[in-house]
Amino acid sequence: MSADRTFNSLVGDLDYPMFIVTACADGERSGCLIGFATQTSIDPSRFLVCLSQKNRTYRVAVRAAVLGVHFVPAEADALAELFGGQTGDEIDKFERCAWRPGPEGTPLLDDCPNRFVGRVLERMDAGDHDVFLLEPVMAEKGTASHEFTFHRAKRIEPGHEA
């Protein structure tokens, strides 16, 4: 078995939390379900998210000063399906869920009370995704909840290929 296939098999067994990233630039909103994300520093606080270069959220995010990062609760199947299984190229996802504007107009999803907004410090090409390094400028912790995980998200037919 090739190194790439073995590697993909190994990481495919991981069960990490999923997030919804939202962005607003020039009055245009977008959001998508992501799995590639992690905290990168404690002091100063830093978080990294990766967005597929093929989706609409990426095209809005590269013009945005900040991004919203939402911790998806385990019970938010419909929201995960909306942001992971639909594309903003065809529908306005924000007409189908409750939200309010946050810093820089970034959509904050009502059904994800654990979230933060981060200023984009750096963006880097990482293959078929770009890395966005974020510095939190606003954070809210609304509930103690289990997260919606990668293995549950695997059943969602993507709105765009990754």
Say whether, by atom type as modelled, one donor and one acceptor occur between the side chain of [X] and the main chain of [Y] under 3.5 angstrom.
X    : Y    : value
S2   : R5   : yes
S30  : V60  : no
N114 : G142 : yes
E81  : Q86  : no

Please report the interatomic distance [atom1]([X]) to [atom2]([Y]), rounded to the nearest 0.5 Å.
X    : Y    : atom1 : atom2 : answer
L133 : M124 : CG    : CE    : 9.5 Å
D110 : R100 : CG    : CZ    : 7.5 Å
L51  : L67  : CG    : CG    : 6.5 Å
Y58  : R123 : OH    : CZ    : 4.5 Å
L48  : Q39  : CG    : CD    : 11.0 Å

Cluster link [X] to [Y], ILVMFWY, side chain under 4.5 Å:
X    : Y    : value
V69  : L121 : no
W99  : M18  : yes
M138 : V21  : no
F47  : V137 : no

Heavy-atom pair with the smallest gap, counting every atom of [X] and [Y]:
X    : Y   : result
A64  : C24 : CB-O, 3.6 Å
P44  : S41 : O-OG, 2.6 Å
P103 : V66 : O-CG2, 3.6 Å
L82  : C97 : CD2-CB, 4.1 Å

Evaluate F132 against V62 for side chain to side chain contact (heavy atoms under 4.5 Å, CB included), listing each step before the verdict. CA-CA 9 Å; F132 291 77; V62 296; 4.1 Å; yes
How about F94 and F83: are their ring centroids closer than 6.0 Å?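 Ring centres of F83 and F94 closer than 6.0 Å.
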Can you confirm whether [X] sits close enough to [Y] that some side-chain heavy atom of one is under 4.5 Å from a side-chain heavy atom of the other?
X   : Y    : value
H70 : L108 : yes
T87 : N55  : no
R46 : E135 : yes
F19 : V49  : no

Where do L134 and F116 land on the side chain to side chain contact (heavy atoms under 4.5 Å, CB included) test, with the steps shown first? CA-CA 10 Å; L134 306 177; F116 72 92; 4.2 Å; yes
Show, in sequence, the C-alpha distance, side-chain angles and deciding distance for E75 and D111, and conclude whether the side chain to side chain contact (heavy atoms under 4.5 Å, CB included) test is met. CA-CA 10 Å; E75 64 277 3; D111 289 341; over 6 Å; no
For the pair K54 and D89, find out whether any cationic side-chain nitrogen is under 4.0 Å from an anionic carboxylate oxygen.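 No, no charged N to carboxylate O under 4.0 Å.
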Less than 4.0 angstrom from a charged side-chain N to a carboxylate O is my criterion; do E28 and R56 meet it? yes
E122 CD: over 12 foreign heavy atoms closer than 6.0 Å: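 It does not: E122 CD has 12 such atoms or fewer within range.
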Should R115 and I20 be marked as a side chain to side chain contact (heavy atoms under 4.5 Å, CB included) after you check the CA-CA gap, both sets of side-chain angles, and the distance that decides it? CA-CA 9 Å; R115 58 195 172 204; I20 294 173; over 6 Å; no
